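As structure tokens, the structure follows; a few thoughts come after it.
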Amino acid sequence: MTTLGLTDWIAETQKQYVELAIQKASDLHSLAALRQQLRGIFTSSIIGDQAAYARAVEQEYRQLWRKWCSFAVDHSDLR
């Protein structure tokens with residue numbers, strides 16, 4: 001949701017989720033406007049660009065792998 005610029009749709013707790021769902025569901029005009037814009041929002045984001053999204057995910061995996069390897073080397077005496 002952050003990547004799509006829809007951070008106002010993010011809830012951090014179950015209570016917030018319920019409150020947000022009620023709030024969003026009761027605003028029919030905003031929902032209709034979002035429906036009209038959603039495809040464009042999606043396709044213009046990195047999520048809508050499959051190749052760019054795959055590269056970003058691969059880059060994140062690489063960083064996580066390097067971090068794990070660094071931790072393993074730094075803590076090899078724990079084995």
Side-chain angles (χ1 to χ4, degrees):
M1 299 305 272
T2 301
T3 300
L4 298 175
L6 299 172
T7 55
D8 59 317
W9 285 80
I10 299 173
E12 295 187 18
T13 67
Q14 188 174 14
K15 181 181 178 187
Q16 286 178 346
Y17 178 83
V18 171
E19 292 169 355
L20 185 60
I22 292 168
Q23 173 195 359
K24 296 293 187 182
S26 65
D27 188 352
L28 298 180
H29 293 294
S30 292
L31 282 176
L34 179 60
R35 280 190 203 105
Q36 293 295 317
Q37 299 169 356
L38 201 51
R39 185 175 305 273
I41 292 170
F42 183 83
T43 56
S44 65
S45 76
I46 192 169
I47 296 172
D49 182 345
Q50 296 173 359
Y53 182 74
R55 284 191 302 273
V57 170
E58 289 169 351
Q59 182 179 3
E60 186 64 27
Y61 286 155
R62 245 181 255 110
Q63 289 175 353
L64 291 169
W65 176 249
R66 288 182 183 132
K67 185 176 180 179
W68 184 88
C69 289
S70 173
F71 179 82
V73 168
D74 292 344
H75 296 87
S76 60
D77 58 328
L78 299 176
R79 294 182 190 178

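It should be emphasised that the depicted structure is a prediction, and the values quoted were computed from it without experimental measurement. Heavy atoms only: backbone and side chains are in, while hydrogens, waters and symmetry mates are out. Quick note: residue numbers are just sequence positions, from 1.
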Qualifying side chain to side chain donor-acceptor pair (under 3.5 Å) pairs, either residue in residues 19-33, two or more places apart |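 Every side chain to side chain donor-acceptor pair (under 3.5 Å) pair that includes a residue of residues 19-33, provided the two are not neighbours, is D8-K24, D27-S30.
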I10, V18: one ILVMFWY side-chain cluster at the under-4.5 Å cut-off?
-> no
Please output the side-chain donor-acceptor pairs of residues 31-43 that fall under 3.5 Å, not counting sequence neighbours, one pair per line with the distance.
from : atom 1 : to  : atom 2 : distance (Å)
T43  : OG1    : R39 : O      : 3.0
T43  : OG1    : G40 : O      : 3.4

So how far is it from I46 CD1 to T3 OG1, rounded to the nearest 0.5 Å?
->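 Answer rounded to 0.5 Å: 7.5 Å.
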Between CG of L20 and CD of E12, what distance do you get to the nearest 0.5 Å?
-> 11.5 Å
Distance-only donor-acceptor pairs under 3.5 Å for side chains of residues 51-67, two or more places apart:
none

